[in-house]
Amino acid sequence: MMDNLLNRLIDLAAHCPEKKAVVFKGEYLTYRELCRRIAGMADDLVGEGITHGDRVCFSAVSKPEMVAAYMAIQACGAVAVFLDKNSTPENMAKICKEAGAKLLLTDKPMKEYAKECRVMSLRKLYQRAGEWKQDDGADLDADLRKRTILPAEEELAELLFTTGTTGKPKGVMLTYKAVYHILTNTIEGIGIREDDILLLPLPLNHSFALRVLRAVLYRGATVVLQNGFTFAKEVENNVVNHGCNAMACVPASYEVMKSQMQDAFAQILSGMRFIEFGAGSLSIRQRKEITTLLPKVQIYNTWGSSESGGAIFCNVCEAVKSEERAGTLGKPLAGKVRVMITDSEGKEMDSNESHPGRMALQGDMQMAGYWNNEEMTAQTLRDGWLLTGDMAYLDADGYVFMLGRVDDIINVGGEKVSPLEVENIAGQCEGVRECACIGVEDPDGIYGQIPVLFVAADSRYTEEGLRRFMAAKAERYKIPQKYVLVESIPRNRMQKVDRNRLKSLWEDRDAIELINPVVQNILSRRSIRKFTDQEIKRPVLDMLLKAGYHAPSGHNMQTWRFTVLTRQADIAELKELTRQTAEQNKVHFYGFENPKVIILISNDDRNADGCQDASCAAENIMLAAESYGIGSVWLNPLMTLRGKEPVKSLLDRYGIPAGHTVWAAVALGYPVSGGVALQKKENVVFFVE
């Protein structure tokens with residue numbers, strides 16, 4: 001009988017009962033309390049008729065109740081079926097039906113699907129378990145072991161389903177043996193230690209997050225759960241409040257943290273022992289940047305899949321020391337995972353950069369197959385090998401280099417072009433925030449396919465500049481024939497590039513072509529709070545002010561005033577007195593560094609449209625600034641501090657009339673880096689038809 005995670009948790013409950021196992025905000029479970037909750041929930045599940053081999057679906061919420069439910073299901077000998085916590089009731093019902101699940105644990109409103117799914121509240125089940133008491137006189141570990149069904153290593157432990165809205169869901173079957181080797185591979189590949197406190201801000205139904213969760217708990221370390229990665233401030237709070245010294249995240253979250261934290265990025269994360277990136281590869285630019293910003297932090301980039309768990313590990317700090325290996329996927333875990341490159345017929349081949357092939361894996365961590373899909377299983381598992389859909393090659397030392405998904409490789413007149421290689425090159429060009437490459441049909445019918453590059457950029461970007469950059473860095477056939485400006489690169493739930501969506505965008509090019517320079521300027525503008533020492537020339541500043549007073553004004557009253565600060569001493573004084581006054585009056589003040597100009601836009605209080613007029617003027621100024629490559633940020637604490645000292649006296653000294661409210665302060669300067677690309681809500685538009 002091989003070891004498993006549940007048995008390990010029972011051991012930990014006995015040997016380090018008060019150590020924190022799972023943390024979420026102000027709530028936490030020690031290893032002992034986690035096992036107590038598991039026992040209580042398992043008792044309830046057995047009482048509901050759950051027996052050996054039953055499938056139980058549950059919402060993989062990023063909370064301690066998910067961990068307890070996961071283990072309680074296995075304590076009953078049942079199969080854990082993970083559901084995306086953001087999945088719709090319809091999709092949940094679809095997967096429950098496909099899995100033949102006996103029970104669904106969720107707090108989603110499922111009344112419409114009551115006939116299709118037997119539903120219990122996950123939250124209530126967890127809360128009841130908090131009141132559970134073991135048999136009189138019995139030790140918790142002995143009591144839980146008595147209640148636990150011990151599985152054989154080849155028994156099915158988990159089902160990981162895709163959650164697509166169309167087509168048949170694809171369920172990956174993982175045995176207890178596979179799960180054990182997935183978690184031990186992660187422990188060995190990353191070097192997880194008992195004293196680690198790892199921040200996990202990822203959806204827990206995803207294989208990357210799951211393997212990290214299992215590995216941390218098996219090692220007896222502490223996992224801090226976080227509900228997503230939209231706000232880097234939450235990362236900072238968790239790092240500070242819980243003492244996190246490790247983190248697992250996706251490459252896109254690096255950009256979120258870097259842009260939102262700005263100068264504080266290195267300060268907040270420099271205490272990390274390691275950061276593991278998965279579910280995608282860091283670009284070469286990102287690898288070089290993060291190892292420079294965090295020189296004492298070990299950076300890993302792991303390749304894995306639902307079918308294999310983490311299998312290929314890259315020590316990024318070592319990889320970037322060599323230009324030839326800066327973009328490597330890494331090496332398979334020695335003695336645990338084998339990699340083979342196959343030809344179109346599935347036979348092993350010698351590979352190199354010019355002759356890549358399809359990657360196959362072999363190891364005890366691989367899946368048992370796809371649930372109720374023998375045809376797909378036979379296509380993927382052959383002669384003990386797991387065939388991936390990835391095009392790759394090996395160098396002489398066994399390092400793996402990924403070119404992309406087989407279906408994404410671009411055939412340009414017989415030459416194979418890797419979209420990842422194109423993206424790695426283009427991503428290093430000034431002004432390119434992110435980019436993604438796809439192959440499309442050659443409209444001239446000469447090459448079969450041509451590369452098209454979608455680019456999300458800031459004001460420094462020009463298509464001509466990127467064309468010249470690509471021409472100097474890439475072979476001619478790899479250079480994109482078309483460049484498409486977009487607001488952002490579409491990504492899926494795990495922040496991977498959604499190439500199918502890009503292909504749809506290309507096919508519907510009318511919408512893309514609507515993004516003219518004016519619209520692109522609006523979509524690309526970001527708030528900038530840190531500026532370079534470059535001066536704004538007076539003719540440019542005059543033009544920005546002209547854009548401001550050419551804004552619409554209610555009834556054309558134009559009662560506004562534009563007070564312009566250009567001396568650094570004046571700007572520093574305004575910043576300091578505003579900060580002091582804001583603190584005294586409990587007003588939020590988000591600062592700035594080194595702007596070359598601040599424009600205070602005030603309006604006569606007798607003008608009922610004064611606020612709107614000033615707002616229109618501020619927006620005009622900031623958009624005009626963006627068109628000149630100048631960064632800007634709107635600061636608005638002065639509108640509530642106009643009558644408060646010492647700000648009042650300072651504004652009086654500037655000559656701003658006492659009857660004027662300063663509705664906006666616009667800080668201007670050339671940006672040190674691109675600003676924060678905040679996620680925009682899309683469910684705010686309603687047509688009356």
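Everything numeric in this text was worked out from a predicted model, so none of it was measured.
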Subject >> Check against side-chain hydrogen bond (donor to acceptor under 3.5 Å, both in side chains), Tyr370 and Glu375 >> reply: CA-CA 9 Å; Tyr370 295 109; Glu375 181 181 354; over 6 Å; no
Checking side-chain contact (heavy atoms from CB on, under 4.5 Å) between [X] and each of [options], which is the one that passes?
X: Val216; options: Val223, Leu200, Thr186, Asp196; value: Val223
X: Pro451; options: Ile479, Ile438, Ile410, Val440; value: Ile410
X: Cys249; options: Val212, Val235, Val256, Ile275; value: Ile275

Can you measure from [atom1] ([X]) to [atom2] ([Y]) and round to the nearest 0.5 angstrom?
X: Leu282; Y: Phe277; atom1: CG; atom2: CZ; result: 5.0 Å
X: Lys482; Y: Cys437; atom1: NZ; atom2: SG; result: 14.0 Å
X: Leu225; Y: Leu198; atom1: CG; atom2: CG; result: 10.0 Å
X: Leu269; Y: Met257; atom1: CG; atom2: CE; result: 5.5 Å
X: Lys85; Y: Lys63; atom1: NZ; atom2: NZ; result: 9.0 Å

Check: [X] side chain, [Y] main-chain N or O, donor-acceptor pair, under 3.5 Å:
X: Asn205; Y: Leu210; answer: no
X: Thr388; Y: Met359; answer: yes
X: Thr302; Y: Phe313; answer: no
X: Asp397; Y: Tyr399; answer: no
X: Gln366; Y: Gly384; answer: yes
X: Ser59; Y: Val61; answer: no

Original post:
Any idea which heavy atoms bring Val455 and Leu466 closest together, and the distance?
Top reply: CG2-CD2, 3.9 Å
**OP:** Measure across Arg193 and Arg219 and return the closest heavy-atom pair with its distance rounded to 0.1 Å.
**Re:** C-CG, 3.8 Å
Is the shortest distance from a Lys or Arg side-chain nitrogen in [X] or [Y] to a carboxylate oxygen in the other one below 4.0 Å?
X: Lys288; Y: Glu323; result: yes
X: Asp395; Y: Arg325; result: yes
X: Lys331; Y: Glu318; result: no

Subject >> Residues Arg338, Trp385; criterion side-chain contact (heavy atoms from CB on, under 4.5 Å); working and verdict >> reply: CA-CA 9 Å; Arg338 292 178 61 198; Trp385 288 88; 3.7 Å; yes
Original post:
Does the pair Thr462 and Glu464 meet the rule for a side-chain hydrogen bond (donor to acceptor under 3.5 Å, both in side chains), with working shown?
Top reply: CA-CA 5 Å; Thr462 65; Glu464 182 57 32; over 6 Å; no
